[in-house]
Amino acid sequence: MPGFALMPTGNQSGRTAVFPVSDYDLDGTLESGQAFRWEVRGDASEGVIGDQWVRLKMTTAGIHAEAAAPQHDWHWLEEFLQIKVNIADVLQTFPDDEPMRCAVASCRGLRLLRQQPWECLASFILSSTKQIVQIREIVRLLTERFGRRVIAPSQSGPTHAFPSAERIAACSETELRACKMGFRAPYLLKTAQMIVSDVVNLEDIRSLPLSEARERLLLFPGVGRKIADCVLLFGYGFPKAFPVDVWIMRALRELYFPQKRKVTPQRILEFSERHFGPYGGYAQQYLFHYMRTKHISNNRDKAARSAQ
DNA sequence: CTCCAGGCGCCTT
DNA sequence: AAGGCGCATGGA
């Protein structure tokens, strides 16, 4: 059991703590498109979890955390970072095929975070047909305008909590559109109103089987299969939830169905549920990150060639 | 200029 | 059931 070896060391009731980890790519994970509010400043990343500001930095001893105020209990951070997950055990469940070997080799230390369901749900409603940098901008505007200020050092990155469903439900559609979210504004507004009026209870979803949990999330406007699976995976930790977006669809097509003309999206979705095992969600994140970094480096190469 | 972005809802067949 | 299209906004 990982219990004692992974207890935070140093002064636990102070503003800082260290969490020993292995195979944990902190920066890569924070910027991998699961969460949208982490800002790199110098050699650290700064973010807000719940109403806690925190600065994280990788050191030889592990993940070094600095909060804005003294902490008695770092459980909120251990939960967010999923410190206790043994990633080797997870990787061992992946199918032993060429695509997965490549993805694992190129994304060493990639992890899944565990976010709060409401923030995760709202963020991914805002994500549809947006690039990650734009999602970050929308979320930043939303938090700065409607989120409560948190205790944070001056000259820091994010300084606001994610706005509550109650606060969003009290917004006008116009106020939300002013955060550049366009046609997603009514989706977010209605979803917040459904939560406030308890039409769907986000806490109840925790204890449901995967398919029933998914059905609940699909009741929200602006939430289809892909966004529901993102929330199930990143917000609730259902390990088999497997979000299929354009990147993953392309990856599965190219890597598992090469030179096949008629592969329907339905067929690919069935394959994804069957093929990737009990931690399919982790496998999905490795594939996603693998495809995306490959794409980014291809673009860099293209730019370099055209500059010559 | 056009095309597309961690999709979804709604309208056609 | 399956396929097509519009939707805001911004970057390549």
Side-chain angles (χ1 to χ4, degrees), chain A residues 28-38 103 107 110-113 115 119-142 172-191 194 214-235 238 241-254 261-270 272 276 280-307:
Chain A
T29 297
L30 294 176
E31 299 301 314
S32 66
Q34 310 174 49
F36 301 103
R37 334 189 33 205
W38 289 86
C107 306
L110 182 63
R111 301 294 191 116
L112 289 183
L113 303 169
Q115 303 173 62
E119 174 171 348
C120 191
L121 172 62
S123 298
F124 277 96
I125 285 174
L126 300 176
S127 76
S128 71
T129 27
K130 278 288 177 195
Q131 299 187 115
I132 289 174
V133 284
Q134 297 168 341
I135 303 166
R136 296 172 59 91
E137 171 70 0
I138 295 169
V139 170
R140 188 183 64 79
L141 290 169
L142 196 66
S172 67
E173 188 179 315
T174 306
E175 287 177 303
L176 295 180
R177 280 183 185 268
C179 298
K180 305 183 181 177
M181 66 182 73
F183 63 85
R184 303 159 195 81
Y187 296 153
L188 181 63
L189 182 55
K190 283 173 196 153
T191 295
M194 284 171 68
R214 182 183 289 126
E215 281 179 33
R216 294 281 177 95
L217 292 171
L218 290 173
L219 294 172
F220 293 117
V223 177
R225 172 65 184 248
K226 188 269 170 180
I227 290 175
D229 278 5
C230 284
V231 178
L232 292 168
L233 185 61
F234 304 137
F238 283 89
F242 193 102
V244 178
D245 69 338
V246 291
W247 290 96
I248 293 296
M249 187 62 81
R250 192 178 310 149
L252 297 182
R253 254 182 207 294
E254 292 176 2
R261 291 290 158 251
K262 290 247 179 193
V263 199
T264 63
Q266 169 74 15
R267 185 86 181 78
I268 291 183
L269 202 60
E270 287 168 9
S272 74
F276 292 97
Y282 272 87
Q284 179 274 157
Q285 192 65 8
Y286 274 79
L287 282 175
F288 174 75
H289 202 256
Y290 172 54
M291 294 302 282
R292 210 166 74 88
T293 52
K294 204 166 63 167
H295 175 78
I296 291 168
S297 77
N298 282 348
N299 280 355
R300 228 199 333 272
D301 293 347
K302 269 187 232 167
R305 275 198 300 276
S306 65

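Only this structure's heavy atoms are used, side chains among them; waters, hydrogens and symmetry mates stay out. Letters A, B, ... mirror the listed sequences (proteins, then strands); counts begin at 1.
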*What about the rings of A/Phe288 and A/Phe242, do their centers lie closer together than 6.0 Å?*
no
*Give one of base, sugar-phosphate or nothing for A/Ser32, where a contact means two heavy atoms less than 4.0 Å apart.*
base
*asked:* I need the CD1-P distance between A/Ile138 and C/dG10, as an integer number of Å.
replied: 9 Å
*asked:* Looking at A/Arg177 and A/Glu173, is any side-chain nitrogen of the basic one under 4.0 Å from a carboxylate oxygen of the acidic one?
replied: yes
*Can you check the A/Phe124 CZ to B/dG7 P distance for me, whole Å?*
10 Å
*With the side chain of A/Lys130 defined as its heavy atoms from C-beta on, choose the nearest nucleotide among C/dG11, B/dG7, C/dA8.*
C/dA8
*Rounded interatomic separation in angstrom, taking CG from A/Leu218 and C1' from B/dC8*: 11 Å
*asked:* Under 4.0 Å, heavy atoms only, any strand: does A/Gly33 hit a base, just the sugar-phosphate, or nothing?
replied: base
_Note: A/Lys130-A/Glu137 ion pair, threshold 4.0 Å (strictly below)_ = no
*Could you check which nucleotide pairs with B/dG6 in any of the strands shown, counting Watson-Crick or G-U wobble with both distances under 3.5 Å?*
none
*Considering only atom P, compute the distance from B/dG6 to C/dC5 and round it to an integer number of Å.*
22 Å
*asked:* What's A/Pro221 touching, base or sugar-phosphate or nothing? Going by heavy atoms closer than 4.0 Å.
replied: sugar-phosphate
*Which heavy atom in A/Pro221 sits nearest to a heavy atom in A/Lys190, and how many Å separate them?*
CG-CB, 3.6 Å
_Heavy-atom nearest nucleotide on DNA chain C for A/Val133 versus A/Tyr187: which residue maps closer to 5'?_
A/Tyr187
*For the residue pair A/Arg214 and A/Val223, establish whether any side-chain heavy-atom pair is separated by less than 4.5 Å.*
no
*Give A/Phe36 one of three labels, base, sugar-phosphate or nothing, depending on what nucleic acid heavy atoms sit under 4.0 Å from its own.*
nothing
*5'-most by nearest nucleotide on DNA chain B - A/Ile227 or A/Arg250*: A/Arg250
*Can you find an N or O donor on one side and an acceptor on the other, under 3.5 Å apart, linking the side chain of A/Gln266 with the base of C/dG3?*
no
*Spacing between A/Leu269 atom CG and C/dA1 atom C1', to the nearest angstrom*: 15 Å
*Using heavy atoms to find the nearest nucleotide of DNA chain B for A/Arg292 and A/Val223 separately, return the residue whose nucleotide is more 5′.*
A/Arg292
_P atoms of C/dA8 and B/dC11, separation to the nearest Å_ = 16 Å
*For the pair made of CD in A/Gln115 and C1' in B/dG6, what is the distance, rounded to whole Å?*
13 Å
*Please state how far atom NZ in A/Lys180 lies from atom C1' in C/dC7, giving the value in whole angstrom units.*
19 Å
_With a 4.0 Å cutoff (strictly under), does any side-chain N or O of A/Arg225 reach OP1 or OP2 of B/dG7?_
no
_Could you tell me how far apart A/Ile135 (CD1) and B/dC4 (P) are, to the nearest whole angstrom?_
18 Å
*Test item: A/Leu269 and A/Thr264 side chains (from C-beta on) under 4.5 Å apart, heavy atoms*: no
*B/dA5 OP1/OP2 closer than 4.0 Å to side-chain N/O of A/Arg184*: no
*Rounded to whole angstrom units, what separation is found between the NZ atom of A/Lys226 and the C1' atom of B/dG9?*
17 Å
*Do we see A/Trp247 stacking on the base of B/dG6, given a limit of 5.5 Å between centres and 30° between planes?*
no
*Any N or O donor-acceptor pair linking the side chain of A/Gln134 to the base of B/dG6 at under 3.5 Å?*
no
